[in-house]
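I have placed the structure first, in the form of structure tokens, so that the comments after it can refer back to it.
A, B, ... follow the sequence lines: proteins, then strands. Residue 1 opens every chain.
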There are 2 protein chains.
Amino acid sequence: MAASARQGPYICGIDAAMDVVTGKWKSLILWELHEHGTRRFAELRRGLPGVSEKMLVQHLREMEEDGLVHREVYPVVPPKVEYSLTEHGITLNTALESLAVWGQERIQRIGAEKTATDAA
Amino acid sequence: MAASARQGPYICGIDAAMDVVTGKWKSLILWELHEHGTRRFAELRRGLPGVSEKMLVQHLREMEEDGLVHREVYPVVPPKVEYSLTEHGITLNTALESLAVWGQERIQRIGAEKTATDAA
DNA sequence: CAGAATCCTTTAGGATACTG
DNA sequence: CAGTATCCTAAAGGATTCTG
């Protein structure tokens, strides 16, 4: 079952996908793990400036339950835990690509508007 | 400027896109308008079972400010207001398609898991 | 190092009543 | 019809402290 507490059934696919991506840092975590392949807890923290430990753990746990992230614990001391994307995490990232492109274009637009406004 | 109160700059494209889609009913509103081309306020309400007037107005206003939705007011009585997608709203919808497909597959997976569990 | 636990603030969302 | 306005609850997120 999914971790992201969900009451009723999904209305459509976007609904089901959003449910898994919603969370202030989730898409960024997805991106970080996609970029680096595998990351330790502290590395992720540093890669996500501003994230609190609580939210990072919480999001990672939910994403693990949702089958997006794999958590590998090494029984050593000091503790070592490595996170990586599962197959589903990878395909989700791919599915997010066109959205990322749209977002980039939006950033350009906003920047342009801002520049135009500033120039006025 | 965007309506979705946003403090700092965006970290990446997904970030910028999510900012505009986040909101319990926004992706559904996008879908409704895409399906019907144009909808009146009351029609949207009926198309989104469970939405409150407050949230519907609020989301529509934000989406209008974000340049996704066009609001056409007809100066008649009783009032008539029609909502439709702008160019950016349409392209956003397109960008969301692969995500919708991923979500559909996820629904299938969950259904399958559930069935397997129930069978056990 | 990788977290668990606790407390607190902020934001999202909902219910209801009213209006031009 | 298409909203406003007000009040309230719930959920998300953050800061801090502690631990195996």
Side-chain angles (χ1 to χ4, degrees), chain A residues 2-8 11 15 18-30 32-33 36 38-66 69-84, chain B residues 2-8 11 15 18-30 32-33 36 38-66 69-84:
Chain A
S4 323
R6 179 71 195 207
Q7 57 296 7
I11 298 175
D15 215 21
M18 290 299 291
D19 186 34
V20 137
V21 179
T22 296
K24 195 169 177 182
W25 309 91
K26 285 194 180 177
S27 59
L28 272 0
I29 292 174
L30 229 39
E32 269 286 312
L33 292 180
H36 300 90
T38 182
R39 293 256 96 176
R40 295 184 60 173
F41 186 79
E43 291 176 327
L44 276 173
R45 256 204 99 178
R46 281 190 291 272
L48 273 34
V51 72
S52 67
E53 291 186 355
K54 180 193 159 193
M55 287 316 296
L56 186 52
V57 181
Q58 186 176 310
H59 281 169
L60 284 169
R61 290 289 141 81
E62 289 178 1
M63 293 170 80
E64 189 187 356
E65 287 240 7
D66 285 331
V69 163
H70 173 69
R71 178 167 175 266
E72 186 76 37
V73 182
Y74 296 89
V76 296
V77 42
K80 176 179 175 181
V81 178
E82 282 188 343
Y83 293 91
S84 56
Chain B
S4 324
R6 179 71 194 207
Q7 58 294 9
I11 299 178
D15 216 19
M18 291 299 292
D19 186 33
V20 138
V21 179
T22 296
K24 194 169 177 181
W25 308 90
K26 286 194 180 176
S27 60
L28 272 0
I29 291 174
L30 230 39
E32 269 287 314
L33 293 180
H36 299 92
T38 181
R39 293 255 97 176
R40 297 183 59 172
F41 186 81
E43 291 175 328
L44 276 173
R45 257 203 98 179
R46 281 190 292 274
L48 273 35
V51 73
S52 66
E53 290 186 356
K54 179 193 158 193
M55 288 316 297
L56 185 53
V57 180
Q58 186 176 311
H59 281 169
L60 284 169
R61 290 289 141 83
E62 289 177 1
M63 293 170 80
E64 189 187 357
E65 286 238 9
D66 286 331
V69 163
H70 173 68
R71 179 167 174 266
E72 185 77 35
V73 182
Y74 296 89
V76 297
V77 41
K80 175 178 175 181
V81 179
E82 282 189 342
Y83 293 91
S84 57

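What separates CZ of A:Arg71 from C1' of C:dG3 is a distance of 8 Å, to the nearest Å. Between the NZ atom of A:Lys26 and the C1' atom of D:dA12 there is a distance of 11 Å, rounded to whole Å. At whole-Å resolution of the value, CG in B:Leu48 and P in C:dG13 are 13 Å apart. D:dG3 atom C1' lies 13 Å from atom CD of B:Glu64, rounded to whole Å. Whole-Å rounding puts the A:Leu60 CG to C:dC1 C1' distance at 14 Å. A straight line from CE of B:Met55 to C1' of C:dA15 spans 13 Å, rounded to a whole angstrom. If you measure from atom CZ of B:Arg39 to atom P of D:dA2, you get 11 Å, rounded to the nearest angstrom. What separates CG of A:Leu56 from C1' of D:dG13 is a distance of 13 Å, to the nearest Å.
Put simply, NZ on A:Lys80 and CZ on A:Arg40 are 5.5 Å apart, with the number rounded to the nearest 0.5 Å. Distance check: A:Glu43 CD to A:Tyr83 OH gives 12.0 Å after rounding to the nearest 0.5 Å.
Of the listed nucleotides (C:dG3, D:dG14, D:dG13), D:dG13 has the atom at the smallest distance from the side chain of A:His59. Taking the side chain of B:Pro79 as heavy atoms from C-beta on, and the options C:dG20, C:dA4, C:dA17, the nearest nucleotide is C:dG20. Among the nucleotides C:dG14, C:dA2, D:dG3, the one closest to the side chain of B:Glu53 is D:dG3. Out of C:dG3, D:dT4, D:dG14, the shortest distance to the side chain of A:Trp25 is found at D:dG14. Checking C:dA4, D:dT4, C:dC1 against the side-chain heavy atoms of B:Arg61 singles out D:dT4 as nearest.
The shortest side-chain heavy-atom distance between B:Lys24 and B:Met55 does not fall under the 4.5 Å cut-off. A 4.5 Å side-chain heavy-atom check between B:Phe41 and B:Leu56 finds at least one atom pair inside the cut-off.
For the OP1/OP2 pair of C:dA2 and a distance below 4.0 Å, the side-chain nitrogens and oxygens of A:Arg40 include at least one atom meeting the criterion. Contact check, A:Tyr83 against C:dG3: a side-chain N or O comes under 4.0 Å of OP1 or OP2. Side-chain nitrogen and oxygen atoms of B:Arg46 include none within less than 4.0 Å of the OP1 or OP2 phosphate oxygen of D:dC1.
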Legend entry - Working for side chain to side chain contact (heavy atoms under 4.5 Å, CB included), residues B:Val51 and B:Ile29: CA-CA 11 Å; B:Val51 73; B:Ile29 291 174; over 6 Å; no
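Each of A:Glu82 and A:Lys54 has a nearest nucleotide on DNA chain C; the 5'-most of these lies closest to A:Glu82.
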